[in-house]
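As the structure is a prediction and not an experimental result, all values here were calculated from the model.
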Amino acid sequence: MGELGVGFRPLPQTPPETIEGERDEAPGADAVTFDRAELVRLSRAVSQLPATLKETLLLRTVEGLSQGETAAALGISGKAVETRLRRARIKLSNILNCA
């Protein structure tokens, strides 16, 4: 399968509640910079995965497809989805720990 038309689903932007029930302010610039740096690092690591592992990982984690939906989209078995996800996570861990 070639390039995926992966569209990112926005995460809920609900700030955490404080003890008094009031909402906390937005994170500081340091936290945002750190989050961006981590996102770039993760994105680079994902880009290094073989296409089959990357597609499977993105369909499950970014697109939010179930194991069965991912299997159907890729034309593989549910067990193959599990195997690819496990391999993708191991490779990501190795890439991120070596970087």
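Taking NZ of Lys54 as the reference point, atom CG of Leu92 lies at 10.5 Å (rounded to 0.5 Å). Rounding to the nearest 0.5 Å places CD of Glu55 at 9.5 Å from CD1 of Ile76. Remark: Thr56 OG1 to Leu65 CG distance equals 10.5 Å, nearest 0.5 Å.
Remark: the backbone N or O of Leu57 is not paired with any side-chain donor or acceptor of Arg84 at under 3.5 angstrom. In terms of modelled atom types and a separation under 3.5 Å, the side chain of Ser43 and the main chain of Leu39 share no donor-acceptor contact.
Applying the side-chain contact (heavy atoms from CB on, under 4.5 Å) test to Ser93 and every residue at least two apart in sequence or in another chain returns Asn97. Residues satisfying the side-chain contact (heavy atoms from CB on, under 4.5 Å) criterion with Ala72, sequence neighbours excluded, are absent altogether.
Gly78 approaches Ala71 most closely through the heavy-atom pair N-CB, 3.9 Å.
In the hydrophobic clustering of ILVMFWY residues, with side-chain heavy atoms under 4.5 Å counting as a link, Leu96 and Leu49 come out together. Put simply, Leu85 and Leu42 are part of the same group of oily side chains (I, L, V, M, F, W, Y) that touch within less than 4.5 Å, one to the next.
In Arg87, the CZ atom is not crowded: 12 or fewer heavy atoms of neighbouring residues, nucleotides or ligands sit closer than 6.0 Å.
Listed by first then second residue, pairs satisfying side-chain hydrogen bond (donor to acceptor under 3.5 Å, both in side chains) with a partner in residues 65-75 read Ser66-Glu69, Gln67-Glu82, not counting sequence neighbours.
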